[in-house]
Protein chains: 2
Amino acid sequence: MFTDTSTLAWRKSANDCLLDDVSHILGDRPLGARQAQKLRTRQALLDAGLRLLEHQSLSSLGLRELTREVGVAPAGFYRHFRDMSDLGVALVEESFGSLREMVRAIRGEQAKADEVIDGTVEVIARYVREHRPHFRFIARERYGGVQPVREAIADELRLFAEELASDLAAQPESEGWSPQDIRMLADLYVDHMVMIAIAFLDVSPEDPGSEEEIANIARRQLRLIRLGRSHWLDD
Amino acid sequence: MFTDTSTLAWRKSANDCLLDDVSHILGDRPLGARQAQKLRTRQALLDAGLRLLEHQSLSSLGLRELTREVGVAPAGFYRHFRDMSDLGVALVEESFGSLREMVRAIRGEQAKADEVIDGTVEVIARYVREHRPHFRFIARERYGGVQPVREAIADELRLFAEELASDLAAQPESEGWSPQDIRMLADLYVDHMVMIAIAFLDVSPEDPGSEEEIANIARRQLRLIRLGRSHWLDD
DNA sequence: CAGTTGGGATGACAGTTGTTCACTGACACC
DNA sequence: GGTGTCAGTGAACAACTGTCATCCCAACTG
């Protein structure tokens, strides 16, 4: 009798607002209700973590605090993650996963310079708008207290910079550029795109006025960098 | 008999490597051994905090952990700070205090563009070299979990950007520039100087090779921005 | 020289924390 | 249909946390 009620209580707390989100991961194939349930609680831990991390940093997030939020016994946490920094790394992957989608949109289209800049700023704004908790987490932990998480973020950003560098190298404006210079330009761009995203972060909640102001500044900054790029080989 | 030993033990732990550091604050005037002692323990708390914060973030630093390090009773902490974020704000002021000195050195001298850039990068490198714990703290907490500290850092950086903007406005290259454009350039510079400092942070310990490499990249990035600046009004 | 002040020590308070353990019962597989 | 696997449980652990009222005694004031 007790087992039933407790199971139901767990079902309720673990499932709400999750069933749809993971269904596409499971696919149409029967993956076994067992593993599906495990994935669902794992996702519930990640979601609750992201929620709690909106107003604190990972190093101050308690294991019990998290499991309490999900409605799982403290010990259950260890079935999914070795420790808190393990969960943090998983959150990093999740965050950059959703980012990568949006980036591909930009990489694909070839347009003239100003359109690229406008599109870039718009994609950054949209990413922050639609994934604010994710990016807030990234910004907090990029130089935060948990080493493995810091390294995971650094790796993702390095990867991002490398992709951008190869994109830049393929452009006609890069003729005569050394690989090192292209890389330093890519780093400059990546750093500033992160700064732009952070600027959106602090102001965005339903305030289209200042969001547009930030976007305006961001566009001009990117344009200035592009201007410097186009005169790099002038002597 | 017990009181003596405990007092001595406290004296020892609170004073080491501190007596010289605060002497210039106390001045030559007799300030009262009473208040001098208070200042000394306050400073000891700040120093120990900075030491402990080298490998963790402020939100995870415990009050007892800190007082234990200093050799002071836990309750004694409240004589000097209301709470941890109060100490954090004090550390922010301390950090930017030492930075401000070095910045004035750059602001004063007028030289040609490349020399300014080289000097800037050198000053950043020196600041990180000589005040690594301070800057590590700033980098960690700039977007960290403690709101008052975050705001204190943001205020200091805004002040810094405003000073830089007024410097830029006074330069002949800024003729025809709108105040908004000058401000956006100043923000761009400040953000990147912070990024440069962070880059120095991760690599500096007795590795002149990679320090010089970072400096090289930083110089080229700043030069590219300056190039963009000088063509901003080209049409 | 007394009296007051206040920096600091003390010890206990009531919670909280991360981690481990044996255990259970629903699922998956043969 | 029986059996092993394993996600999740709940209790117990020791260590830790911030906060408080209280006392001590050196340092200041008059």
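Just so it is clear: chains get the letters A, B, ... in the order the sequence lines come, proteins before strands, and each one is counted from 1.
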For [X], which contact category applies under a 4.0 Å heavy-atom criterion: base, sugar-phosphate, or nothing?
{"X": "Tyr78(A)", "result": "base"}
{"X": "Gly76(A)", "result": "base"}
{"X": "Arg42(B)", "result": "nothing"}

Point to revise | Under 4.0 angstrom between His80(B) side-chain N/O and dG7(C) OP1 or OP2 | key: no
Point to revise | Phosphate contact (dG8(C) OP1 or OP2) by Thr41(B) side-chain N/O below 4.0 Å | key: yes
In whole angstroms, how far is the [atom2] atom of [N] from the [atom1] atom of [X]?
{"X": "Glu69(B)", "N": "dC16(D)", "atom1": "CD", "atom2": "C1'", "answer": "17 Å"}
{"X": "Arg64(A)", "N": "dA14(D)", "atom1": "CZ", "atom2": "P", "answer": "15 Å"}
{"X": "Gln35(A)", "N": "dT5(D)", "atom1": "CD", "atom2": "P", "answer": "15 Å"}
{"X": "Glu65(B)", "N": "dT17(C)", "atom1": "CD", "atom2": "C1'", "answer": "14 Å"}
{"X": "Leu39(A)", "N": "dC6(D)", "atom1": "CG", "atom2": "P", "answer": "15 Å"}
{"X": "Gln37(B)", "N": "dA26(D)", "atom1": "CD", "atom2": "P", "answer": "13 Å"}
{"X": "Arg82(B)", "N": "dG18(D)", "atom1": "CZ", "atom2": "C1'", "answer": "16 Å"}
{"X": "Leu66(B)", "N": "dT17(D)", "atom1": "CG", "atom2": "C1'", "answer": "14 Å"}

What distance do [X] atom [atom1] and [Y] atom [atom2] have between them, rounded to the nearest 0.5 Å?
{"X": "Leu58(A)", "Y": "Leu87(A)", "atom1": "CG", "atom2": "CG", "value": "7.0 Å"}
{"X": "Arg150(B)", "Y": "Glu141(B)", "atom1": "CZ", "atom2": "CD", "value": "10.0 Å"}
{"X": "Leu63(A)", "Y": "Phe81(A)", "atom1": "CG", "atom2": "CZ", "value": "11.0 Å"}
{"X": "Met84(B)", "Y": "Leu91(B)", "atom1": "CE", "atom2": "CG", "value": "10.0 Å"}
{"X": "Leu201(A)", "Y": "Ile214(A)", "atom1": "CG", "atom2": "CD1", "value": "10.0 Å"}

Can you figure out which of [options] approaches the side chain of [X] most closely?
{"X": "Arg68(A)", "options": "dA7(D), dT17(C), dG10(D)", "result": "dT17(C)"}
{"X": "Leu63(A)", "options": "dA9(C), dT19(C), dG8(D)", "result": "dT19(C)"}
{"X": "Pro74(A)", "options": "dG8(C), dG8(D), dT19(C)", "result": "dT19(C)"}
{"X": "Ala73(A)", "options": "dA7(D), dG8(C), dG10(D)", "result": "dG10(D)"}
{"X": "Arg34(A)", "options": "dT10(C), dG7(C), dG25(C)", "result": "dG25(C)"}

Review point. Roughly how bent is the helix from dC1(C)-dG30(D) to dT17(C)-dA14(D) end to end, in steps of 10 degrees, with each end axis from five pairs?
Key: 20°
Check your understanding: For Glu94(B) and Gln43(B), what are the C-alpha separation, side-chain angles and deciding distance, and is it a side-chain hydrogen bond (donor to acceptor under 3.5 Å, both in side chains)?
Key -> CA-CA 10 Å; Glu94(B) 201 181 60; Gln43(B) 192 59 41; 2.9 Å; yes
Practice item. Mark yes or no for a side-chain to base donor-acceptor pair under 3.5 Å between Arg79(B) and dG6(C), with no hydrogen or angle criteria applied. Key: no
Point to revise | Arg40(A)-Gln37(A) side chain donor-acceptor pair, cut-off 3.5 Å | key: yes
Check your understanding: Parallel, tilted or perpendicular for His131(A) and His134(A), by the 30°/60° rule?
Key -> tilted
